[in-house]
Number of protein chains: 4
Amino acid sequence: MFIEIQTNSSVPIYLQLAQQLIEGIARGELKPGDSLPSVRAFAADLGMNMHTVNKAYHYLEEKEFIQIVAKSGVIIQPNGIPKATAEEQQRLAEQIRPLVAEGLVLKLSEEEMVDMVRELVQHIKEGSS
Amino acid sequence: MFIEIQTNSSVPIYLQLAQQLIEGIARGELKPGDSLPSVRAFAADLGMNMHTVNKAYHYLEEKEFIQIVAKSGVIIQPNGIPKATAEEQQRLAEQIRPLVAEGLVLKLSEEEMVDMVRELVQHIKEGSS
Amino acid sequence: MFIEIQTNSSVPIYLQLAQQLIEGIARGELKPGDSLPSVRAFAADLGMNMHTVNKAYHYLEEKEFIQIVAKSGVIIQPNGIPKATAEEQQRLAEQIRPLVAEGLVLKLSEEEMVDMVRELVQHIKEGSS
Amino acid sequence: MFIEIQTNSSVPIYLQLAQQLIEGIARGELKPGDSLPSVRAFAADLGMNMHTVNKAYHYLEEKEFIQIVAKSGVIIQPNGIPKATAEEQQRLAEQIRPLVAEGLVLKLSEEEMVDMVRELVQHIKEGSS
DNA sequence: GTGGTCTAGACCACT
DNA sequence: GTGGTCTAGACCACA
């Protein structure tokens, strides 16, 4: 699992890390029950602050994508991650909404945006950037 | 043009304002050449600070969606907004990517996400939230 | 004498007008003693506010490039414009300075900037933009 | 790095600061990767407001002369600043143009103006005012 | 009356 | 401790 951080991005480092772990799960590279490195080891590995890795883990725990077992380790949700609730879908839609609006202003057609999503799905599943 | 701000959202107020103006443009409610309220009038109207409106305006100016004509007023890009360049599309896709990844983890199918985008397009064009 | 104003420029309109009149003088199109349109006529001609033309004229008067004779008219300095004093040269240099610095940061060589100036001199004398 | 601000100049304070930082880069005193003071520390140092320094930094960031790494600090563009594009050269030329025109009106010869530029280059590189 | 600029002081997210 | 955001209130240049 390669993690690549853009230090000069406006996206916080902890979020970039969390998002890349999410992609790892989406891709099936990280499976239910798999364990993740300890905060300390991961931080050392990635050359970032322990707090930052910790924050990424807690972000994923809040979404129930992982389980943090104190003094033991971190594992991908072992029971599998349940299908999005209507609420979660709604929340996702609200986050995508301003981007779709911007696309429309930039004169992208509905089909072009749909294609963009389809391509993203493929890229994520293949692990290509 | 109704603007609705969530003061307790993690999305900065200036961004929420900018995004809703973008939806207004996408919906065709704000047409090229239309003028926007003065920073002061708008701020008073929305119950926020002048500088916050100013920041939203500058954000939109940077995207070339509006023109700030110094000491005169603010208007929607009068020449029309050009179609997204490949770069802009790429940037949009990168912003949507983590959301698509999250959708996949939440076991949404490609079609479900495509439908989500289609619905968003309709909602934005109709002006419904 | 064609005057072309960019309404969406950050350079104030009165300054753009004044600068173009200065180019007219530099080019020799406006000669000592030539008269300029009245504030009222010029404003109507250019579709701008009287105050704006007035301000441009006063700007040029302060530099002693023109003479405003109350209730009579505006003429190009009839005695000819004297060569820059050391002070005036100094002031010009100070205004050019930050632009030269920016050129250096952008890795332009001294010669490239000198060429830029030579070309500008030619363009101004020919009246090309 | 000495910064000298003229409070009674018509050039905004934030711009004066930015221009002097640009000179620092041009002079090589500020090298790629060097860090700049925090907005607060610099503001206190210079006796100005945090927001004014912030504005100068954002101005330089827009020009891609520096990088603002959120919540971490500000550094001189670490990859080095690329050579001016044709567009950037054009923009610079347009800014210099009215000054050259004024020089011509003040009967400066092409050579005198070229010398002025050459001297400016020397002064900037030496750090003399 | 408009946006531009500046100051002052506050809270927050991130590292 | 850093930059990001927000509020508040002021003066100025421009149209």
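Values below: all heavy atoms of this structure, side chains included; hydrogens, waters and symmetry mates excluded. Chain letters run A, B, ... following the sequence lines, proteins first and then strands; every chain starts at 1.
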K.L.:
Under a 4.5 Å cut-off applied to non-hydrogen side-chain atoms, are D:Leu17 and D:Met48 in contact?
P.N.:
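Yes - at least one pair of side-chain heavy atoms lies under 4.5 Å apart.
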K.L.:
Quickly work out the D:Phe42 CZ to E:dT7 P distance and round it to whole Å.
P.N.:
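Result: 14 Å.
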K.L.:
Please map the stems of DNA chain E, keeping only stretches of three or more Watson-Crick or G-U wobble pairs with both distances under 3.5 angstrom.
P.N.:
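The stems are E:1-14 with F:1-14.
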K.L.:
May I ask you to evaluate whether B:Ser38 reaches the phosphate of E:dG1, defined as a side-chain N or O under 4.0 Å from OP1 or OP2?
P.N.:
no
K.L.:
From OH of B:Tyr57 over to P of E:dT2, roughly how many Å is that when rounded to an integer?
P.N.:
11 Å
K.L.:
Closer to the 5' end of DNA chain E via nearest nucleotide, is it B:Glu61 or D:Ser72?
P.N.:
B:Glu61
K.L.:
Among residues 4-18 of chain D, which residues get a heavy atom nearer than 4.0 Å to DNA chain E?
P.N.:
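Listed by number, they are D:Pro12, D:Ile13, D:Tyr14.
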K.L.:
Looking at E:dG4, I'd like to know if its phosphate oxygens (OP1 or OP2) sit under 4.0 Å from a side-chain N or O belonging to B:Asn54.
P.N.:
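Yes, B:Asn54 has a side-chain N/O under 4.0 Å of OP1/OP2 on E:dG4.
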K.L.:
Nearest-Å distance, CD (B:Gln67) to P (E:dG3)?
P.N.:
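The distance from CD of B:Gln67 to P of E:dG3 comes to 14 Å, rounded to the nearest Å.
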K.L.:
Is there any protein nitrogen or oxygen under 3.5 Å from a nitrogen or oxygen in nucleotides 9-12 of chain F, and what are the pairs?
P.N.:
unit_1, atom_1, unit_2, atom_2, d
F:dG9, O6, B:His51, NE2, 2.8

K.L.:
What distance do B:Ile75 atom CD1 and C:Thr7 atom OG1 have between them, rounded to the nearest 0.5 Å?
P.N.:
7.5 Å
K.L.:
Among residues at least two apart in sequence or on other chains, which ones pass side-chain contact (heavy atoms from CB on, under 4.5 Å) with A:Lys63?
P.N.:
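In terms of side-chain contact (heavy atoms from CB on, under 4.5 Å), with neighbours along the sequence ignored, A:Lys63 is linked to A:Tyr59, A:Phe65, A:Arg91, B:Glu102.
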K.L.:
Can you tell me how far P of E:dC14 sits from CE of A:Met48, to the nearest Å?
P.N.:
14 Å
K.L.:
Taking atom CD1 of A:Ile76 and atom CG of A:Leu36, what is their separation to the nearest 0.5 Å?
P.N.:
4.0 Å
K.L.:
Nearest to the B:Val39 side chain among F:dA13, E:dG3, F:dG4, which nucleotide is it?
P.N.:
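For the B:Val39 side chain, the nearest candidate turns out to be E:dG3.
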K.L.:
Would you please name every residue forming a side-chain contact (heavy atoms from CB on, under 4.5 Å) with D:Asp45, sequence neighbours left out?
P.N.:
D:Phe42
K.L.:
Does B:Lys55 put a side-chain nitrogen or oxygen below 4.0 Å from OP1 or OP2 of F:dT5?
P.N.:
yes
K.L.:
Could you verify whether a donor N or O on one side chain and an acceptor N or O on the other, from A:Gln90 and A:Glu94, lie under 3.5 Å apart?
P.N.:
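Yes.
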K.L.:
Calculate the interatomic distance between D:Leu36 atom CG and F:dT2 atom P; express it in whole Å.
P.N.:
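From D:Leu36 CG to F:dT2 P: 13 Å.
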K.L.:
Evaluate D:Val74 against D:Leu60 for side-chain contact (heavy atoms from CB on, under 4.5 Å), listing each step before the verdict.
P.N.:
CA-CA 11 Å; D:Val74 176; D:Leu60 292 170; over 6 Å; no
K.L.:
NE2 of D:His58 versus C1' of E:dT5: gap in Å, rounded?
P.N.:
16 Å
K.L.:
With rounding to the nearest 0.5 angstrom, report the CG to CD distance, D:Leu46 to D:Gln20.
P.N.:
9.0 Å
K.L.:
Could you give the distance from CD1 (B:Ile25) to CD1 (B:Ile66), rounded to the nearest 0.5 Å?
P.N.:
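Separation between the atoms: 7.5 Å.
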K.L.:
Just verifying a value: how many Å separate C:Arg40 CZ and C:Met50 CE, rounded to the nearest 0.5 Å?
P.N.:
5.0 Å
K.L.:
The criterion is side-chain contact (heavy atoms from CB on, under 4.5 Å); which residues satisfy it with D:His58, sequence neighbours excluded?
P.N.:
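So D:His58 forms a side-chain contact (heavy atoms from CB on, under 4.5 Å) with D:Asn54, D:Glu61, D:Ile68.
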K.L.:
Please indicate whether D:Glu29 has more than 12 foreign heavy atoms, meaning atoms of other residues, nucleotides or ligands, lying under 6.0 Å from its CD.
P.N.:
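Yes - once you tally the heavy atoms of other residues, nucleotides and ligands closer than 6.0 Å, there are more than 12.
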K.L.:
Go nucleotide by nucleotide along DNA chain E from the 5' end; which of B:Val69 and A:Thr52 gets its closest nucleotide reached first?
P.N.:
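Nearest nucleotide further toward 5': that of B:Val69.
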